[in-house]
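Presented below is the structure to which this report refers.
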There are 2 protein chains.
Amino acid sequence: MDFEPMGVAADLIILTVRDGSLQVLLIRRGIAPYKGRWALPGGFVRPAEDLETAARRELAEETGLGSDRIHLEQVATYGQPGRDPRGRVVSVAYLALVPDLPTPVAGSDAASASWVGVADVLGDPKRLAFDHHRILTDAVERARAKLEYSPLATAFCADEFTISELRGVYEAVWGQALDPRNFHRKVTKTEGFVTPTGATTTRDGGRPAQLFQRGTATTLHPPLTRA
Amino acid sequence: MDFEPMGVAADLIILTVRDGSLQVLLIRRGIAPYKGRWALPGGFVRPAEDLETAARRELAEETGLGSDRIHLEQVATYGQPGRDPRGRVVSVAYLALVPDLPTPVAGSDAASASWVGVADVLGDPKRLAFDHHRILTDAVERARAKLEYSPLATAFCADEFTISELRGVYEAVWGQALDPRNFHRKVTKTEGFVTPTGATTTRDGGRPAQLFQRGTATTLHPPLTRA
DNA sequence: CCAAAAGTGTTGGGGCTACACCCATGC
DNA sequence: GCATGGGTGTAGCCCCAACACTTTTGG
């Protein structure tokens, strides 16, 4: 075997919807390089550890969540020579979608981790360390695209949610208002997207709304459409 | 920096359409492990080399094509401990789509490289070395999905092609017959999918067919649909 | 002339957008 | 009662699958 050894890291793009906007969990770097700049959480993959296991471990460290039920998927791998000034590091990016957490960034080991609006970060290419702006761009586009043809938006919701809360997720991620009536019909008619629990809530005001859980579908036929 | 060094490889899934079926380029391994078994072509990323550059280099070695004009995209990264018995190797998989090459597997350095029907290989999970069956499965599904919403099918065609040749690509990749008349209308009406060259050919028999080139679109609105 | 493939026209049905309208709650 | 959001009905439009039909070649 004749290869140059490299560092392999798992970096996380942890997205949530809070206060009607899409937000990403960032940490402020305490050490060089890029000391004081914002960065995506992440760390090196351990010798006997699977890539996804490493990503779940980092996720648990950052959010304090036993992360089995959190949606996590690989996005892409970034390996430009020079992307990390300390040496040759290849980074595998994982996208995590989490519900609005009651405890904001609990057991985090990073001194300062916080939720930041995605629109703000994407608007300033110099805000993030390394090539993390590029990674975030790719991950957010992946999330936006997947809302169209998968039931993934439910990953942003609590166990039980109303249709209008689900619509709020779409509106935050896509940055676009949707017709509440047509959205309601489309979601409830699509086989396996959501299943009613029988309960209702008035937490959104107005007439009581039915509560739903995630369904069993993995793809949406037909898809929802942006713009 | 406190990390365990790992080998990073770029593996290739090179697909083409020949004789009406989707085929993949495989090499027969001359050395252990998995000696004598079929495998995807690939190799280690060099110290100062970008991941995609490594993939293009391997592609050129296997196909003999100056590969600038070949479609190449990253699919996913595989890093299970134990996936390579020789040590910890993380493999970044790249999907390449090539036209039916006049010279079958020219400048290949591997003793025996050949085109194999994808359906055959996918039907037998033990045919390929390492976790390459899994990698191939993922890459083929990616290709099938992308034909729906991108003009990527043209990557399988020569510089000039007829609509029915393009339809043949769809039928081979999706394993499904399409209506020639509706397909023709859909493709030619979709802005930027194909542009007519003005020339015609009778190489497919029957009435002369117009020749087309790839257009400039990157996504198809509306998409073509399977099943 | 006939076979074969290219390409156009047409029609009926399904789904979707846009909006009118009614329902059930809190205050 | 009135504001607020939940949910249903429906009309018109567009798209699209299905298929009849015409065109242009080779043999």
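Residue numbers start from 1 in every chain, and the chains themselves are labelled A, B, ... in the order their sequence lines are given, proteins ahead of strands. Computed from a predicted model, the values in this text were never measured in an experiment.
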[atom1] of [X] versus [atom2] of [N]: gap in Å, rounded?
X: Leu224(B); N: dC15(D); atom1: CG; atom2: C1'; result: 13 Å
X: Asp204(A); N: dG5(D); atom1: CG; atom2: C1'; result: 8 Å
X: His221(B); N: dC14(D); atom1: NE2; atom2: C1'; result: 17 Å
X: Asp179(B); N: dT8(C); atom1: CG; atom2: C1'; result: 13 Å
X: Leu220(B); N: dC16(D); atom1: CG; atom2: P; result: 11 Å
X: Leu178(B); N: dC16(D); atom1: CG; atom2: P; result: 14 Å
X: Arg181(B); N: dT10(C); atom1: CZ; atom2: C1'; result: 12 Å
X: Phe183(B); N: dC16(D); atom1: CZ; atom2: P; result: 14 Å

Quick one: label Pro222(B) by what it contacts on the DNA or RNA (base, sugar-phosphate, nothing), any heavy atom closer than 4.0 Å.
-> sugar-phosphate
Which nucleotide in dA6(C), dC16(C), dC19(C) has an atom nearest any side-chain atom of Ala209(B) = dA6(C)
Short side-chain N/O contact from [X] to OP1 or OP2 of [N], under 4.0 Å:
X: Arg167(B); N: dA6(C); result: yes
X: Gln210(B); N: dG7(C); result: yes
X: His184(B); N: dA6(C); result: no
X: Ser164(A); N: dG5(D); result: no

Mapping Arg185(A) and Pro208(A) onto DNA chain D by nearest heavy atom, which one lands closer to the 5' end?
-> Pro208(A)
Decide yes or no, distance alone: a donor-acceptor N/O pair under 3.5 angstrom between the base of dA6(C) and the side-chain of Arg207(B).
-> yes
Mark yes or no for a side-chain to base donor-acceptor pair under 3.5 Å between Asn182(A) and dA18(C), with no hydrogen or angle criteria applied.
-> yes
At what distance, to the nearest 0.5 angstrom, does NZ of Lys146(A) lie from CD of Glu73(A)?
->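 If we round to the nearest 0.5 Å, Lys146(A):NZ and Glu73(A):CD are 3.5 Å apart.
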Sub-3.5 Å donor-acceptor pair from the side chain of Thr154(B) to the main-chain atoms of Pro151(B), do we have one?
-> yes
Under the 3.5 angstrom rule, does the side chain of Arg18(A) hit a backbone N or O of Val116(A) as a donor-acceptor pair?
->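 Pair absent, no side-chain N/O of Arg18(A) close to backbone of Val116(A).
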Is atom CZ of Arg203(A) surrounded by more than 12 heavy atoms (other residues, nucleotides or ligands) closer than 6.0 Å?
-> yes
Inspect the surroundings of CD in Gln176(B) and state if more than 12 heavy atoms from other residues, nucleotides or ligands are less than 6.0 Å away.
-> yes
